[in-house]
Novice: 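To start, I am sharing the structure in question, which I have written as structure tokens.
In what follows, chains are A, B, ... by sequence order, proteins preceding strands, each numbered from 1.
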2 protein chains.
Amino acid sequence: MKDVAEHAGVTLSTVSYVLNDSGPVSESRRARILDAIRVLKYTPNESARRLRKKAASTIGLVLPDLTNQFFALVAEGVELAAAEGEALVMLCAPEAINRPIQHYTRLLRGQSLDGIIYLPGGAGMALSLSLELAEAGPVVMVDERVRGFDVPTVVADSRSGAREVATHVLAQGHRRLAIIGGPQALWTSEQRLSGYREAIAAHGLHPDAVPVLEGNHREGSGAAIAARLLAAPPDERPTALLCANDLMAFGVLDYCQSAGLRVPQDVSVTGFDDIPVARLTSPGLTTVRQPAHAMGYEAAKLLFELIRTPASAPPPQPPVFTTEVQVRGSVGPAPG
Amino acid sequence: MKDVAEHAGVTLSTVSYVLNDSGPVSESRRARILDAIRVLKYTPNESARRLRKKAASTIGLVLPDLTNQFFALVAEGVELAAAEGEALVMLCAPEAINRPIQHYTRLLRGQSLDGIIYLPGGAGMALSLSLELAEAGPVVMVDERVRGFDVPTVVADSRSGAREVATHVLAQGHRRLAIIGGPQALWTSEQRLSGYREAIAAHGLHPDAVPVLEGNHREGSGAAIAARLLAAPPDERPTALLCANDLMAFGVLDYCQSAGLRVPQDVSVTGFDDIPVARLTSPGLTTVRQPAHAMGYEAAKLLFELIRTPASAPPPQPPVFTTEVQVRGSVGPAPG
DNA sequence: TTGTAGGCGTTATCAG
DNA sequence: CTGATAACGCCTACAA
């Protein structure tokens, strides 16, 4: 920068002015400076810049893992919004590195990030951790809520999505259902469960008649639970399995195929999320669409708004996205 | 930090010494300082730190998009290696934000990153762009090569993988093949194509007898090309489609299903990458496994090594991963 | 073993 | 409109 100043025959301050246009500069000088910058291929040193201002033009993105396409889509949404705000994204995937979130809270705190997008999902959703994260900057949550952690949050209406998909299944005549839920501690798990139960109650079934098994949102757990559930004789085992996310539903599909069970003739299956590959299984997976990309995008937008908002002003109001059942082949009429 | 020093009754340098253990400090003082740090919940300001040293403990990761699970897996591998090296990862997904890489080269240059992992894939694989990226720090490439851009590169042996899967298809008696390739400009596209052709030549077929259509590595292009290819009458159209990645193969599968073509009875399909969901289509996709996670991990390790290596020393030797055909249901004997 | 002082590249506050 | 100058928070010779 000093070089630029010399090359243009001005002082550092003037250069700084044109860089941030934070001061009045005569056209002739401005042109000379811009020129010098190009000639010398000068790039401002961001580290110095953040030291001085307290902003980093960088936001943190904390999510469980990237291999679940749902999360990947959220990440792309965040990335897009960040790009529009000329910011960069720090990726933190605690489960991918098999360490507690603390690993990141420690690293992130010093970065003077502008803010953080937090999508809890695995084991690390405890309140204390959230608070710790919050010390690294303003936080916006996506897809999940943490009780007692009161930050702007972008979610979809899981509950009514679950209700609708369960209603669809019940309308096909199924009466012996089973639910493969997500980790109990998660808000979404609870929401989806209530949704399922509302539908079940509305059809006059006793909630206790529907077993709920806890999965971990990954394929393997779907397959394992299906194996347990479907081992019973045909006239006792469930005729429909409601899964709290698509990955577990894939696991179920996979198990059924290897066990020689036909979907949907022998057993119907539903998922949740509607990740792109859900269309591609065969039969296609009946599931509940959540606008993952839009959710990530809005969350990041919200974060930027939050950053700009003076602390006194009312916090921006986050939207609640609607969900939508996608009917495909994996649900059919109840057998018998 | 000043507060810490006061609280512990020492000077700033002493605190700095214990922080980086870069100087001898008496046990008693060290303990007092550590204590003060804990009490005050002090976190070093990374911005200041990088300004002083020239390292950021941060690496950049540039890849086309995250929704392709292959890339997501690479990203997780990188993330893991970064965590082991106590570094953070800056995520850059140019296609997700629908802008040229330049958007990032500009942003990255000022960050004084320790280095960059670069996985070209979409439109942005030109040499000039790579060089521009290299100005932001040492670069390691994964999965692709760019001619004339000579940096350490981690790849898998696409060519022999392609050869083997084609051989498998030919061994099933298929003679009317078609290839759905990736973007021509990519090194992997070229490699896979040569692999396919080697196998084809080895079976005495004339290479020109096998049409090659160029896709863009996404589902949609697979479906579109399949539609064109399979419109011909049954005894003229190809009996097997070799796709340069799994996503395009999914597109083909999808098209076949909607067009009422049975896989593999009417047409056989192969993919490339073996992303986790490839097991879940039905029939399962016969494809070529690339160790995506390991490749990302090794690339990041390599980058760290490169950073440590004095410029004079010989650059570390990158491994070439082997590929492996995964035989599943999407390939069957040739009809007739 | 500990303290002092200079500077990393910017921005912001002043006075000209 | 422009130019000096003091921080920002940390590291590292060097001196004590």
Novice: Is there a donor-acceptor contact under 3.5 Å linking the side chains of B:Ser189 and B:Gln184?
Specialist: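 Result is no, nothing qualifies.
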Novice: Which is true for A:Ser26 with a 4.0 Å heavy-atom rule: it touches a base, it touches only sugar-phosphate, or it touches nothing?
Specialist: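 Sugar-phosphate, no base atom in range.
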Novice: Can you list the residues that meet the side-chain hydrogen bond (donor to acceptor under 3.5 Å, both in side chains) rule with A:Arg109, with sequence neighbours excluded?
Specialist: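 In terms of side-chain hydrogen bond (donor to acceptor under 3.5 Å, both in side chains), with neighbours along the sequence ignored, A:Arg109 is linked to A:Glu135, B:Thr43.
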Novice: Nearest-nucleotide wise, let me know which of B:Val25 and B:Leu51 is further upstream toward the 5' end of DNA chain C.
Specialist: B:Val25
Novice: I'd like to check the salt bridge (Lys or Arg N to Asp or Glu O under 4.0 Å) partners of A:Arg38; sequence neighbours left out, ordered by chain and number.
Specialist: A:Asp35
Novice: In Å and rounded to the nearest 0.5 Å, what is the CZ to NE2 distance from A:Phe70 to A:His217?
Specialist: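 Between A:Phe70 CZ and A:His217 NE2, I get 10.0 Å after rounding to 0.5 Å.
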Novice: For B:Glu305, give me all partners under salt bridge (Lys or Arg N to Asp or Glu O under 4.0 Å), at least two apart in sequence or on another chain.
Specialist: none
Novice: Treating primed atoms plus P, OP1 and OP2 as sugar-phosphate and everything else as base, which nucleotides of nucleotides 10-16 of chain D get B, S or - for protein heavy atoms under 4.0 Å?
Specialist: BBBBB--
Novice: Taking the side chain as every heavy atom from C-beta outward, state whether B:Leu80 and B:His293 have any pair of such atoms under 4.5 Å apart.
Specialist: yes
Novice: Under 4.5 Å between any side-chain heavy atoms of B:Val155 and B:Asp143, yes or no?
Specialist: no
Novice: Reckon B:Arg29 touches a base, only the sugar-phosphate, or nothing at all at heavy-atom distances under 4.0 Å?
Specialist: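 Since only primed, P, OP1 and OP2 atoms lie under 4.0 Å of B:Arg29, the category is sugar-phosphate.
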Novice: Regarding A:Arg50 and B:Glu46, does a basic nitrogen lie under 4.0 Å from an acidic carboxylate oxygen?
Specialist: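 Result for this pair is no, no salt bridge flagged.
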Novice: First contact, last contact: which nucleotides of DNA chain C are these for chain A, 5' to 3', heavy-atom distance under 4.0 Å?
Specialist: C:dG9 to C:dC14
Novice: When the distance from CG of B:Asp3 to P of D:dC8 is rounded to whole Å, what number comes out?
Specialist: 12 Å
Novice: Just wondering, do A:Met1 and A:Ser16 contact through their side chains at under 4.5 Å, heavy atoms?
Specialist: yes
Novice: Have a look at the helix from C:dT1-D:dA16 to C:dG16-D:dC1 and give the angle its two end axes make, five pairs each, rounded to 10 degrees.
Specialist: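 Computed from the C1' atoms at both ends, the axes differ by 40°.
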Novice: Report the C-alpha separation of B:Asp273 and B:Gln69 in whole Å, then their side-chain angles, then the decisive distance to 0.1 Å, and conclude whether the side chain to side chain contact (heavy atoms under 4.5 Å, CB included) test is met.
Specialist: CA-CA 9 Å; B:Asp273 286 346; B:Gln69 254 188 322; over 6 Å; no
